[in-house]
Amino acid sequence: MTRLSVIGTGYLGLTHAVCMASLGHQVIALDIDQAKIDLLNSGIVPFHEPELPELLASALASGNLKFTTSWADLADQADVHFLCVGTPKSKDSDAADLSQVNGAVASLAPHLTRTALIVGKSTVPVGTAERLAEFLQTNSPAGSEIRLAWNPEFLREGFAVQDTLHPDRIVIGITNPEAETGVREVYASSIEEGAPFITTDYATAELVKVAANSFLATKISFINAFADLCDATGADITELADAIGYDTRIGRRFLNAGVGFGGGCLPKDIRALHARASELGLDEQFEFLGNVGRINQMRRELVVERAKALTSDDLTGIRITVLGAAFKPDCDDIRDSPALSITQALVDAGANVVVHDPIALNVVRRLYPHLNCVDSLTDAVSGATLLIHLTEWAEYRQLDPAELNSVAAGRTIIDGRNVLDRDKWINAGWAINYLGKPGS
Ligand code: UGA
């Protein structure tokens, strides 16, 4: 078993630390935020992620997982250090803000007094790993005994534990075979399960990550552009996606048209890649990513336009209930959430909006205190003229519209995710409106 550290206890870092401890590794995880460390030490996961609280509790109880704010402890108690800090969008450009990555490496380096392997997992612009490897060798007391591997992460929120324990591939960028041995030891159980292990150079490993997210984002904007074409011609985007999805070269996944993508990864990663490609003189080749982002933004505008069209073009004072706030189901992450951006636009247009979400409302209340959040679905729908479904939680799919008839003021719903059962809603007396397929 490896003595390893995890630097940064956000979504990626905490999941990684907890999962590695559950595999039997000795893990010490660092965050510079003492309040967060106190919370984690008391066994509380600060965000919603299935399975993680239970695994955190057992990792703490087993003694395999410790949290710290001390770089000296970290360097002392681990031989492999996973770099899992965030790389948000820069304030003044689309490029990634590398201050957390640079800060973490600068803090760690002076404490590296013996052979160590640093494994970068953060999503970074191509060229970063090479620069960090040089920095670590120059600034660590152990000098050339410090190795760096780049190991991009592909976990999805809502499935973070399963994706970490059973990855569909492991990619590492290295310059030294000893680094590969170290990474293989950490991931021995996944490798034994048959996860493909791809060894490559730093630049390829860095690009694999952004290529994957750009492809997924492009797939979503592709189908959403076709959703507009379907609307313009009376065609049905779901049937179209099903039909092209049978072609295994295309595949059906990530072809669900609707309000588009959000979250802390896809939107930021396509912008950062476009910015990096432009720096490298490849702006024209990567201009399509600008269009992918623009199509995605237009989805949000489309829903507001639809709402206007359904309410005599004036949203002033119209009681609208928004179903969903998280950027996707099974998480409470509202970063760049289409649901919230649409909600804000409706509020700006004068609508009287009530927001419902099964899990994310506490986060919404904290970050958007001006929004009207209601916990009970029935209360949230009470008095609404228009419902807008924006996050495809199972609860909304299973909703019996007939039960809403006694509380809702109107009988119209916009399904921004194209998943609600048309017949069920129509039979209960509702008019249903989709994005790219005929409603009623
Ligand atoms: C994404 C990638 O899927 C992960 O592989 C990657 O590791 C992660 O980013 C990351 O870079 O850390 P995630 O942000 O959790 O994962 O979310 P996704 O499941 O990819 O969904 C992204 C958005 O696309 C959501 O808003 C979702 O509602 C939307 N989406 C997804 C669609 O609109 N249509 C689809 O068909 C699929």
Side-chain angles (χ1 to χ4, degrees), residues 8 10-16 47-50 84-89 96 121-124 151-164 166-171 206-227 237-238 240-242 244-245 250-273 292-293 295-300 302-303 324-342 357 360 389-393 396 415-419 435-436:
Y11 231 107
L12 165 59
L14 182 62
T15 308
H16 193 66
F47 48 83
H48 176 82
E49 184 62 41
C84 297
V85 294
T87 52
K89 189 182 103 55
K121 289 189 87 63
S122 307
T123 302
V124 292
N151 168 222
E153 179 56 58
F154 305 107
L155 67 78
R156 297 160 298 166
E157 293 185 25
F159 301 90
V161 168
Q162 289 307 318
D163 285 351
T164 304
H166 311 287
D168 55 9
R169 78 279 210 195
I170 298 166
V171 176
E206 291 166 321
L207 284 175
V208 166
K209 169 66 192 225
V210 285
N213 276 1
S214 300
F215 192 81
L216 294 173
T218 303
K219 226 177 157 183
I220 298 169
S221 280
F222 172 90
I223 204 68
N224 279 331
F226 268 86
I237 194 62
T238 308
L240 183 147
D242 290 344
I244 63 171
I250 296 173
R252 178 63 178 82
R253 295 176 76 187
F254 271 69
L255 284 182
N256 295 322
V259 289
F261 58 84
C265 303
L266 262 48
K268 144 183 105 72
D269 288 356
I270 59 166
R271 289 193 190 105
L273 174 59
V292 165
I295 292 169
N296 198 49
Q297 181 56 32
M298 286 166 76
R299 307 309 291 166
R300 302 173 183 199
L302 173 67
V303 175
F327 84 99
K328 67 173 190 179
D330 302 311
C331 73
D332 62 357
D333 193 342
I334 58 169
R335 285 176 294 170
D336 206 348
S337 167
L340 275 187
S341 114
I342 290 165
D357 190 283
H389 172 234
L390 295 175
T391 314
E392 67 271 44
W393 287 95
Y396 301 143
D415 180 6
R417 293 290 181 174
N418 290 338
V419 293
L435 306 186

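Quick note: residue numbers are just sequence positions, from 1. For ligands, and for the atoms within them, numbers begin at 1 and follow the listed sequence.
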Inset, instruction - If the plane angle is over 60° it's perpendicular, under 30° parallel, otherwise tilted; pick one for Phe47 and Tyr11. - result: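 Judged by the thresholds at 30° and 60°, the geometry between Phe47 and Tyr11 is parallel.
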Legend entry - Salt-bridge contact Arg300-Asp336 (side-chain N to carboxylate O under 4.0 Å):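 Salt bridge between Arg300 and Asp336, a charged N being under 4.0 Å from a carboxylate O: yes.
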Legend entry - Side chain His389, main chain Thr391, donor-acceptor under 3.5 Å: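 Yes; at least one donor-acceptor contact below 3.5 Å.
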Inset, instruction - Identify, chain by chain and in numerical order, each protein residue with a heavy atom under 4.0 Å from an atom of ligand 1. - result: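 Residues within 4.0 Å of ligand 1: Glu153, Phe154, Leu155, Arg156, Glu157, Lys209, Asn213, Leu216, Ile220, Phe254, Leu255, Asn256, Gly260, Phe261, Gly262, Cys265, Leu266, Asp269, Phe327, Lys328, Arg417.
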Inset, instruction - Verify side chain to side chain contact (heavy atoms under 4.5 Å, CB included) between Lys328 and Arg156, making sure each step is shown before the conclusion. - result: CA-CA 11 Å; Lys328 67 173 190 179; Arg156 297 160 298 166; 3.9 Å; yes
Legend entry - side chain to side chain contact (heavy atoms under 4.5 Å, CB included) assessment of His16 paired with Thr164: CA-CA 7 Å; His16 193 66; Thr164 304; 4.1 Å; yes
Legend entry - Heavy-atom closest pair, residues Gly13 and Cys84: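 Here Gly13 and Cys84 meet closest at CA-CB, 3.5 Å.
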